[in-house]
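Note that the numbering runs from 1 along the sequence shown for the chain. Atoms within a ligand are numbered from 1 in the order they appear, just like the ligands themselves.
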Amino acid sequence: MSQKQEIILSGIRPTGRLHYGNYFGAVKAFLELQEKGHRCYYFIADYHALTTITERVDFYRQTIDMLRTYVACGLDPVKSVIYRQSDLPCTAELNLLLGMITNIGFLERGTTYKDKMTKLAANENMEGNPLSFGLLGYPVLMASDILIVRANTVPVGDDQRQHVEMAMDIAQKFNSRFGETLTIPKAVSRNALRLPGLDGAAKMGKSDNNTLDLLDDPATVLKKIKGVQTTTDPGPLGTDSDEPEDVIPLLPHSLGALYRLLHLLAPKDVYLDFVGKYRRGEKFYGTLKTTLAEHVSKFNAPIIERFNAAGNDEESVKEFLRENAKKVTPVALETVEAVRQAMGIGHSLYRA
Ligand code: TYM
């Protein structure tokens, strides 16, 4: 391989099924990077999922389902290390150590935290789970995930851009204070995707009930897409360009989601045909929805088939997780030991 091998890391919380935002914002890049022969670490962020916990959830079961969906999408356990975040508990130690040098003011600027604060101020329902220490510290734990394997590249959707920038800042601060110890990851590309929700929200998100999922069957797909609000007159397009980057931001979000999905899934001439229909002021919402639903169901079919065909043997799943945790543990421990050493507390005598 002529290209330099990079270290890739990314994670997804096991908070439900994978949706199209997850797939096109992150998983698609996981697959491409895996095929380029990089060293890829993809994990299921079960610790992070606890920041929204209000009652006991069977995260283990959700983790297994996420694992099966990962593999059904094409993640290859031979080419990538696929593990569960909590099987690498030394991440929690790094989180603690990095937390010691991270200012609260810096964390308070985190968008996830700020959004929750705004909701709290507006007295919105916080599901009995307002602002936890874990939520404020979310970016530190995420930085620990990234820095512990010395990742160069972190494929994520646009909504996670700020978190990766915070990881870069934390690593830089650590290195300038204690000497070059941590690898600083690259910033997220400006082209990273933010797929709107089917309800017209700016982002498709698991907790917003506005997702199209990879495991949705054809009837569910059609129902969800038909339910997208398209009744208001969207007015003239406002651009002569047909390019999705010019067209989609001008559309109301729910229509933008439909056009974005069409562009991602259908041949380009199908997308262009619907841009033309819009521009000419034709009535097309019905056909847009049925055409898109067909493409979505076609895309989902092999994933659903592989998901259902995957074995559900508890013991082999546990063995799989154990083996993968073993693959990532040495590099992770090495980083934590280097950080302890750099900060002056020295190696762990327990581990030695
Ligand atoms: P999570 O579980 O919310 O989302 C997983 C991935 O899906 C992307 N994504 C989207 N991309 C485009 N449009 C959308 N509507 C959309 N919704 C979700 C996210 O950007 C993400 O890439 N904090 C992370 C998990 C995590 C992590 C990490 C990621 C924990 N530690 C370290 C990278 C590196 C999260 O909650 O993702």
Side-chain angles (χ1 to χ4, degrees), residues 7-31 33 40-52 59 62-63 65-66 69-70 73 75 83-86 88 91-92 94-95 98 110-113 115-116 134-135 137-168 170-171 183 185-189 191-214 248 253-254 256-257 260-261 264 328 332:
I7 299 177
I8 315 290
L9 171 128
S10 197
I12 298 186
R13 286 170 300 143
T15 46
R17 297 159 132 207
L18 274 186
H19 58 71
Y20 270 68
N22 298 139
Y23 186 88
F24 286 102
V27 177
K28 188 164 179 275
F30 297 2
L31 299 172
L33 291 160
C40 297
Y41 296 105
Y42 299 130
F43 67 97
I44 295 154
D46 55 349
Y47 279 153
H48 273 109
L50 295 169
T51 54
T52 51
F59 281 114
Q62 292 195 181
T63 299
D65 281 349
M66 191 62 90
T69 320
Y70 264 11
C73 288
L75 281 193
Y83 62 100
R84 183 170 67 145
Q85 187 184 28
S86 65
L88 201 60
T91 311
L94 186 59
N95 176 56
L98 296 178
T111 46
T112 315
Y113 179 79
D115 286 352
K116 277 243 170 171
L135 183 77
Y138 193 105
V140 185
L141 182 56
M142 193 160 149
S144 307
D145 296 324
I146 298 169
L147 303 174
I148 208 162
V149 300
R150 306 189 171 283
N152 319 104
T153 299
V154 186
V156 285
D158 183 68
D159 60 304
Q160 296 295 318
R161 167 194 309 287
Q162 190 199 28
H163 287 150
V164 176
E165 284 165 2
M166 290 171 102
M168 295 163 71
I170 291 172
T183 303
K186 285 187 276 192
V188 174
S189 150
N191 299 327
L193 178 77
R194 184 180 294 238
L195 188 68
L198 293 180
D199 61 348
K203 188 188 139 192
M204 181 176 286
K206 279 173 269 216
S207 49
D208 299 318
N209 230 347
N210 64 5
T211 65
L212 192 57
D213 297 345
L214 293 172
I248 292 169
H253 285 315
S254 54
R260 171 67 71 192
L261 287 164
L264 290 167
V328 62

Hey, what do you get for [atom1] ([X]) to [atom2] ([Y]), rounding to the nearest 0.5 Å?
X    : Y    : atom1 : atom2 : result
T112 : H163 : OG1   : NE2   : 3.5 Å
I8   : T153 : CD1   : OG1   : 4.5 Å
K203 : D208 : NZ    : CG    : 7.0 Å
L18  : Y23  : CG    : OH    : 10.0 Å

Sub-4.0 Å atoms of ligand 1 with respect to non-hydrogen atoms of [X]:
X    : result
L193 : 11 (N), 12 (C), 13 (N)
M204 : 14 (C), 15 (N), 16 (C), 17 (N)
L9   : 32 (C), 34 (C)
K203 : 15 (N), 17 (N)
K206 : 2 (O)
G25  : 11 (N), 12 (C)

Which protein heavy atom lies closest to [atom], and at what distance to 0.1 Å?
atom                    : answer
atom 4 (O) of ligand 1  : N22 ND2, 3.4 Å
atom 10 (C) of ligand 1 : G21 O, 3.3 Å
atom 31 (N) of ligand 1 : D145 OD2, 2.7 Å
atom 32 (C) of ligand 1 : M142 CG, 3.5 Å
atom 20 (O) of ligand 1 : D159 OD1, 2.6 Å

Quick check: [X] and ligand 1, any N/O pair under 3.5 Å apart?
X    : answer
V156 : no
R194 : no
Q85  : no
G157 : yes
V154 : no
L195 : yes
Y138 : yes

Minimum non-hydrogen distance to atom 3 (O) of ligand 1, winning option of Q160, H48, R13
R13
On a heavy-atom basis, I'd like to know which of S10, G11, A49, P196 is closest to atom 25 (C) of ligand 1.
G11
For [X] and ligand 1, answer yes if some heavy atom of the residue is under 4.0 Å from a ligand atom, otherwise no.
X    : answer
H19  : yes
G205 : no
F24  : no

Take the angle between the ring planes of F30 and Y42 and call it parallel below 30°, perpendicular above 60°, tilted in between.
parallel
Check: H19 side chain, N22 main-chain N or O, donor-acceptor pair, under 3.5 Å:
yes
Look at the side chain of D145 and the backbone N and O of S10, then say whether any donor-acceptor pair between them is shorter than 3.5 Å.
no
How about N209: does its CG atom have over 12 heavy atoms from other parts shown lying under 6.0 Å from it?
no
